[in-house]
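First up is the structure itself, then whatever we jot down about it.
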Amino acid sequence: MRLADKGLIDRSKLVTFTFDGRSYVGFAGDSLASALLANGVKLMGRSFKYHRPRGVLTAGSEEPNALVEVLDDGQQTPNTRATVQEIHDGLVARSQNRWPNLRWDMLSINDLAAPFLSAGFYYKTFMWPRAFWEGIYEPLIRRAAGLGKLLPKHDTADYDRAFAFCDLLVIGSGPTGLMAALTAAKAGRDVILAEEDHMMGGRLLSDDGQIGGMASADWANATIATLRAMPNVRLMPRTTVVGAYDHGTYSALERVGLHVAHRPHLPRECFWRIVAGQTILATGALERPIAFRNNDRPGIMLAGAVQTYLNRYGVAPGRRVTLFANNDGARIVARQLMAAGVKVAAILDSRPVASVIEDCPVYIDARVTDTKGRHGLTSISVSHAAGSMEVETDLLMLSGGWNPLLHLTCHQNGRPVWREDIAAFVPKPGMIPGLTAAGSANGVFSTAECLAQGRDTAAAVLGLADLPDLPHAEAAPYAIQPFWAVPGEGRAWLDFANDVTVKDVKLSAQEGYVSVEHMKRYTTQGMAPDQGKNSNVGALAVLADATGRGIPETGTTTFRPPYVPVSIAAMGAGGRGVGFAPQRFLTSDQASRDRGAPMIEAGLWYRPSYFPKPGESTWREACDREVMMVRQTVGVADVSTLGKIDIQGRDAARFLDLVYTGTFSTLPVGRVRYGLMLREDGLVMDDGTTARLGENHYLMTTTTAAAGQVMRHLDFVHQAYCADYDLRFISVTESWAQFAVAGPKARQLLNSLLDQPLGDFPFMSCGEVTIEGVKARLFRISFSGEEGYEIAVPTPYGESLFRDLVARAETLGGGPYGMEALNVLRIEKGLITHAEIHGRVTAFDIGAQKMIATKKDCIGKASSTRPGLTGPEREQMVGLRALSDQPIGAGAHLFTPGDKVNRENGQGYVTSVCYSPTLSSWLGLAFLKDGRARHGQQIRLVDHMRKTDVLCEVCDPVFHDPEGGKLRA
Amino acid sequence: MRYSGLKVITEGLFGNKGWTRAWRDPAPKAEYDAIIIGGGGHGLSTAYYLAKNHGMTNIAVLEKGYLGSGNIGRNTTIVRANYFIPGNSEFYSHSLKLWEGLELELNYNVMHSQRGQVVLFHSDGQRDLQIRRANAIVNQGDDAEIMTVDQLRAEFPYLDYEQTRFPIYGGMMQRRAGTARHDAVAWGYARGADQRGVDLIQNCEVTGIDVENGVVRGVQTTRGPIRAKKVAMIAAGRSGQVAAMAGMRIPVESHIMQAFVTEGLKPVMDAVISYGMGHFYISQSDKGGLVFGGDIDMYASYAARGNLPMVEHVMEAGMTLMPMIGRAKVLRSWGGIMDMTPDGSPIIDKTPIEGLFIDAGWNYGGFKAVPASGWCMAHLMATGQSHEVARRFRLDRFRTGQLLDEEGTGSQHNLH
Amino acid sequence: MRLICPLCGPRDRREFYYSGSEDYLNRPTPDAPAEAWDDMLHLRDNPAGVTRDLWYHETGCGSWLLVTRSTTTHEILATERVADRKGAGA
Amino acid sequence: MPELIAKTALSGQSTTHAGTTLAEVNLGQITSIACFPGQMAAVSAVLGPFPAPNTHADGLCWTGPDQAFLIGRAAPDLTGLAATTDQTGGWAALRLTGPLAVDVLARLVPLDLRHMTEGQAARAPLGHMQMVLMREADSFLILVFRSMARTAWHELEEAMQMLAARKAL
């Protein structure tokens with residue numbers, strides 16, 4: 001029921017929305033919950049386990065009951081709090097976790113079976129017969145469980161993520177937060193004021209009090225206007241600070257576009273990482289319910305929430321109201337309702353001694369013992385000091401006291417302390433370095449105290465002397481007498497969302513699950529979407545009672561991030577699709593695509609797989625052609641992805657001798673040498689060639705895959721072990737575009753291109769050349785086994801050179817070749833990649849033990865001699881030649897012919913295979929136990945996945961041109 | 001008390017008044033035949049199998065907090081046997097077989113659900129590696145299959161097959177893999193051990209290990225000294241500190257690993273899905289929450305909480321792999337303390353101190369190992385010999401080079 | 001989590017690559033016994049408290065840092081560049 | 001004869017959203033100057049003052065310990081004093097100018113750039129990429145690896161579009 005002349009909604013703006021297919025009208029500024037209440041809708045959801053009908057309990061993000069699905073732009077968002085969702089024209093919401101509809105939900109049958117569904121019942125049954133678990137029991141449980149529904153459809157909406165920095169982060173914009181922000185801002189500090197609600201002011205907006213002689217809400221608005229005008233203040237409404245991480249880092253979720261209809265590029269949410277010098281937690285407090293039989297019906301709400309609906313939204317959620325409370329504060333709400341013309345049928349104060357000042361029936365020492373009304377409250381049963389009675393009511397307000405909203409203070413495992421006088425946990429100073437709780441979050445409840453603590457805390461943490469004056473405000477003391485649960489039969493709810501009752505907690509204790517963590521995990525109390533915000537303290541009070549301990553000894557479970565649930569899309573903003581990792585493109589990328597080459601991922605790079613020609617219908621045809629092209633004429637491939645590190649200095653040679661197994665100080669200028677690099681644990685890290693460009697100047701290449709790791713390693717070795725060396729190195733991977741030119745006609749091609757024809761330039765030479773005056777580097781190295789060169793030009797010329805090289809190659813009967821052919825060529829030549837040096841492989845395993853120079857130390861040398869890393873038991877690299885035409889595959893395992901195929905008999909495995917058009921045979925590289933001693937033997941290759949079982953001959957890994965004559969041609 | 005459906009019904013009819021304690025709350029005795037330091041999953045299963053398989057019932061489990069307060073209650077509940085290095089393969093195979101009978105064994109429903117796990121691959125090289133792994137699994141006698149993209153599309157239509165940064169080439173499926181209810185595993189073993197006479201002593205922190213002339217004599221605790229001829233250190237997450245009490249320096253670094261659960265959702269995901277190009281694996285619990293995790297936070301820590309960069313990485317991986325989960329909201333995140341060994345494989349071994357045993361270094365794979373770890377540790381403690389499926393989990397294997405490096409990232413702590 | 005790079009100032013943890021304990025700085029001589037290498041590479045004090053470990057400012061200036069910090073509170077007590085240590089070149 | 005044409009990574013493209021402009025620029029020659037131990041003073045004598053960490057001036061930008069990029073002019077002979085390495089083609093340079101510039105970068109860079117003043121520089125990540133960032137009088141100059149230029153462009157433009165949409169609310 002909407003009341004005239006109340007609330008901070010904009011009555012000039014009507015907003016139309018739908019809930020469960022029915023159209024309703026509210027006002028701008030309404031939440032979905034307030035608008036539905038204004039329209040007389042009380043039933044908004046169903047509970048998790050018993051599917052009990054539920055209405056709204058709270059007015060904030062802690063809402064356990066009124067969770068709905070919101071539909072937009074073909075997507076839907078489950079578990080949206082109706083209390084937080086702002087209405088807008090076109091908003092479509094519907095109830096969830098019910099079938100077929102909210103009023104008539106088939107699974108409410110669970111409610112009747114409740115005696116058999118007590119805490120942990122599922123641990124004790126559903127075990128026989130074993131096969132029924134996956135087949136029958138579990139699917140039934142899964143279907144009944146869960147809340148809202150996720151569409152099995154990509155969420156393609158926009159989400160944003162950002163960083164922010166400030167001197168002071170103030171969390172919450174109630175009296176404490178506003179005063180803290182004002183104090184810091186006036187002192188010139190850089191302030192962020194974050195507020196979960198779309199309107200700033202916190203409880204001042206729901207309050208009916210006075211500050212500084214004006215209405216609380218007006219004072220709040222005036223203060224906010226002052227702050228907004230200051231350049232050193234950032235106001236962040238709709239922003240919930242959700243996590244407290246190390247060193248002043250906070251995560252926060254801003255609802256950017258959830259209050260308007262979908263718009264292109266407008267992010268739905270923004271996930272903030274805020275780095276704050278100091279933080280003031282001014283989040284206020286949350287009211288807690290009281291447990292009694294059937295205390296979960298629609299129409300039973302927290303008193304503070306009713307106050308919010310009344311003053312903030314101008315809604316009376318009932319016509320005949322009752323209040324059940326254990327403190328003075330809640331009674332203000334009853335008085336405000338009466339002032340607004342709403343009938344208050346009874347005030348039920350649980351305390352044996354309490355004032356009676358209201359102009360309505362007030363009962364002390366009162367208990368609500370039961371309630372009626374399936375889809376909406378109709379009456380309650382009450383016992384009190386003078387007897388018992390039934391009271392007709394459609395709105396029962398509860399107040400069991402207030403819990404400081406201290407969740408963030410616990411995010412680093414700190415434990416709050418119990419304060420007997422306010423029957424609540426409060427934060428202990430220092431639980432989060434740099435974060436200080438103030439105001440109600442710190443256990444002070446009057447407006448005057450909050451204002452003072454906000455100001456004084458800001459002054460203290462920032463070291464300020466000049467403080468603003470405090471406006472006059474209400475300073476009523478907070479009088480409470482703990483009251484947690486009305487004893488009696490029936491189910492009294494503690495955790496509304498997860499349907500955990502007083503009985504469940506008692507059963508947990510009865511069965512020995514007495515640690516608060518055991519109770520939580522056994523009953524699921526506190527594991528629902530509200531994470532126990534409405535139930536934790538009540539539940540542990542019941543547990544304390546059941547186990548004969550006090551509340552402080554019982555302790556709390558740990559609050560962990562996030563404070564309110566945060567969408568995966570917001571935290572992972574930017575990660576969808578290709579955003580997950582940078583894309584690296586070669587200069588030849590477009591030229592390769594122009595030729596129809598499929599581009600495949602190689603690390604972060606995209607490389608051409610093969611270059612199809614008309615008439616070729618499979619990749620294999622193209623690959624075979626490209627291999628033969630290299631073997632017979634000339635091929636061109638972009639190899640720019642290899643890591644390139646420029647190393648200079650008088651100690652460059654010494655350094656290389658330390659990081660490589662081989663000796664590079666003896667390498668002549670103008671020559672290139674193959675290098676093997678070990679990790680300090682003695683296993684192979686990477687391999688590549690290094691060229692000596694000058695006396696004190698080397699150029700190292702790494703594999704594409706290990707480029708980053710090698711750079712990090714070199715930096716470590718340099719800085720940790722030889723920082724005083726005359727040595728500098730830097731990555732030049734991106735500075736040079738480098739192309740392999742390989743095949744018998746490679747030299748012919750190059751000579752047509754270079755400004756000066758090649759003279760004597762033997763295998764493993766390097767030198768500077770020019771092309772049209774552009775300085776280029778030429779290396780005579782080969783990854784194919786043919787006469788091969790790699791020519792490097794400054795990257796800006798890369799595309800142009802690639803197109804030119806390919807055109808020239810084509811005139812010689814050659815052309816470009818891709819990754820597939822490159823792989824075949826290197827397998828034919830027995831050259832390794834990270835398929836072979838996969839991290840578990842030693843120099844011994846790949847037959848390179850002789851490359852570990854004996855006369856000098858190198859990284860990994862000592863560890864490589866560990867007994868487990870050498871010897872015949874090790875799997876050693878061999879070549880495999882299939883003895884039939886049947887394809888073989890990498891990943892197959894090796895067995896001695898005649899042996900049973902099982903793990904115990906395994907002899908090794910295959911790492912790389914290809915069909916070799918050169919040798920007209922399937923070839924493989926493999927690791928085989930004592931493999932080098934088994935050349936010439938037959939081995940059985942078994943691949944269960946590809947269903948192959950073939951014999952191969954074990955041979956030397958170098959299949960093609962084993963003497964290397966072609967390389968040196 | 002025996003649990004059954006009938007018992008649930010009869011108790012329900014009479015107000016659930018008859019349920020008794022799941023385990024006793026005994027005071028520590030002055031001496032036991034064996035003491036287990038650590039009341040987590042591994043400690044409890046060791047106690048259970050010592051009593052069940054070896055008749056050792058005069059034993060105590062000493063837990064500094066509450067039973068199951070470590071990683072057994074802080075993980076992503078995945079159970080699988082898809083290891084491929086000899087030494088690991090047979091151990092996890094044995095563990096999975098124990099899982100398959102665990103409810104009936106313990107008379108406690110641990111909700112072991114063999115819903116399958118698929119590990120996706122995203123390149124030819126990754127495919128070859130998964131085939132090698134799958135072949136090894138089959139050679140071991142377990143199940144594995146390679147799924148094509150078409151098969152994946154049919155079973156997991158919500159993965160992003162078109163836009164994702166690293167296209168899906170296929171997946172390696174183990175149908176017998178799945179999940180279990182983690183707390184229930186601890187409670188089930190605890191109840192089983194207790195029923196066989198084991199003393200489970202909570203809130204009893206071990207403060208010292210008594211060693212005389214290279215022989216263990218007992219422990220000092222916050223509840224007084226306790227003598228024992230055999231003492232087992234099964235305190236993953238604190239292994240280094242416990243071993244230090246015996247003067248040992250062990251090859252373990254402690255790291256944080258975070259995991260996440262969303263609000264409850266109606267069934268949307270059946271199997272466990274693991275991404276191959278980032279750290280992300282996900283399943284849906286019986287309650288409806290999506291349970292997922294990533295890599296360790298990558299810094300030594302005992303703080304049992306994580307930081308944002310890894311959180312964001314995990315969420316990004318989820319979004320590129322299955323953007324459908326974008327609107328699921330993370331309800332809770334937590335951090336467990338992982339015992340990281342240099343090669344990523346565990347330790348179940350004697351120590352140089354006579355009578356002192358160690359079960360540690362479970363890295364991020366301890367949950368699925370709980371049954372076999374207890375089985376093998378009990379075997380070692382009772383017989384003095386390593387169980388055949390755990391004989392490679394040696395404490396000194398780093399010095400000797402007998403490494404068990406499943407990931408190939410290296411046998412140095414810094415390379416994980 | 002934030003670390004303080006002596007050159008770049010306070011930076012987010014995401015800019016750093018973590019490498020582990022300072023043990024790696026104490027590389028044994030080539031002829032040291034296997035136990036010395038085992039100590040450096042594998043065995044760890046792994047303290048629950050103050051530790052010193054190695055971080056690399058990977059997306060920053062490329063410095064390796066030696067950080068003194070607490071493994072229980074994550075408090076950072078000191079940071080220095082590995083290359084600036086006394087005897088870094090020895 | 002071959003015809004070698006030099007191309008920048010993004011062909012000099014530019015885009016504008018809500019008054020903020022992102023444009024690829026060509027900075028000419030870039031040379032890394034890495035002073036050998038003890039030679040910084042000698043290098044400064046040839047080159048002009050070597051930039052302090054996190055600063056840039058006169059075409060010299062600090063890029064790491066003892067290291068700077070010389071931008072827009074040819075490197076003098078520093079043999080024996082510093083390792084000089086041509087980095088011209090290795091980087092794509094993007095200039096971001098306009099009222100949203102700071103907010104755009106706040107999406108991708110974990111630094112407080114609101115107070116970054118002309119002459120300051122930083123080595124920092126841009127999203128998942130490495131970056132050299134320079135504050136100019138009215139703009140930010142962003143250097144990223146050339147091969148990643150398209151990703152950098154895409155991520156910056158996406159941030160610009162989202163901020164423009166937010167501004168229009």
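Letters A, B, ... are given to chains in the order of the sequence lines, protein chains preceding strands, and every chain is numbered from 1. The figures here come from the full heavy-atom set of this structure, side chains too, leaving out hydrogens, waters and symmetry mates.
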Would you give the length of the straight line joining atom [atom1] of [X] to atom [atom2] of [Y], rounded to the nearest 0.5 angstrom?
| X | Y | atom1 | atom2 | value |
| --- | --- | --- | --- | --- |
| Arg399(B) | Leu41(C) | CZ | CG | 13.5 Å |
| Leu308(B) | Met1(C) | CG | CE | 11.0 Å |
| Thr72(C) | Tyr302(B) | OG1 | OH | 10.0 Å |
| Thr51(C) | Glu253(B) | OG1 | CD | 8.0 Å |
| Asp343(B) | His42(C) | CG | NE2 | 8.5 Å |

Could you tell me whether Asn213(B) atom CG has more than 12 heavy atoms of other residues or ligands within 6.0 Å of it?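 No, the 6.0 Å shell around CG holds no more than 12 heavy atoms from other groups.
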Does Glu35(C) CD have over 12 foreign heavy atoms under 6.0 Å away?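 Counting neighbours around CD of Glu35(C), more than 12 heavy atoms of other residues, nucleotides or ligands fall under 6.0 Å, so yes.
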On the 0 to 90° scale, with breaks at 30° and 60°, tag the Tyr18(C)-Tyr299(B) ring pair as parallel, tilted or perpendicular.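 Geometry flag for Tyr299(B) against Tyr18(C): perpendicular rings.
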With a 4.5 angstrom heavy-atom cut-off, is it the side chain or the backbone of [X] that approaches chain C, or both, or neither?
| X | answer |
| --- | --- |
| Arg238(B) | side chain |
| Ala244(B) | neither |
| His313(B) | neither |
| Asp297(B) | backbone |

Quick one: of Ser70(C), Pro47(C), Ala34(C), Gly49(C), who has the most non-hydrogen atom pairs under 4.5 Å with chain B?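 With the most close heavy-atom pairs to chain B, the winner is Pro47(C).
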Among Asp53(C), Thr73(C), Asp39(C), Leu54(C), who wins on heavy-atom pairs under 4.5 Å with chain B?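 So the answer, after comparing Asp53(C), Thr73(C), Asp39(C), Leu54(C), is Asp39(C).
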Taking Ser239(B), Ala303(B), Ala304(B), Gly306(B) one by one, which has the highest count of heavy-atom pairs under 4.5 Å against chain C?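 So the answer, after comparing Ser239(B), Ala303(B), Ala304(B), Gly306(B), is Ala303(B).
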Taking all non-hydrogen atoms of both residues into account, name the closest pair between [X] and [Y] and its distance.
| X | Y | value |
| --- | --- | --- |
| Ala48(C) | Gln241(B) | N-NE2, 3.2 Å |
| Thr71(C) | Ala300(B) | CG2-O, 3.7 Å |
| Glu312(B) | Arg14(C) | OE1-NH1, 2.7 Å |

Does any backbone or side-chain atom of [X] lie under 4.5 Å from a heavy atom of chain B? Answer side chain, backbone, both or neither.
| X | answer |
| --- | --- |
| Asn46(C) | both |
| Ser21(C) | both |
| Trp55(C) | side chain |

Enumerate, atom names and distances included, each donor-acceptor pair closer than 3.5 Å involving a side-chain atom of residues 201-209 of chain B, sequence neighbours excluded.
from      : atom 1 : to        : atom 2 : distance (Å)
Gln202(B) : OE1    : Leu67(B)  : N      : 3.0
Thr207(B) : OG1    : Gln220(B) : O      : 3.2

side-chain contact (heavy atoms from CB on, under 4.5 Å) for Arg44(C) and Val252(B)? Distances and angles first, verdict last. CA-CA 6 Å; Arg44(C) 291 292 173 263; Val252(B) 167; over 6 Å; no
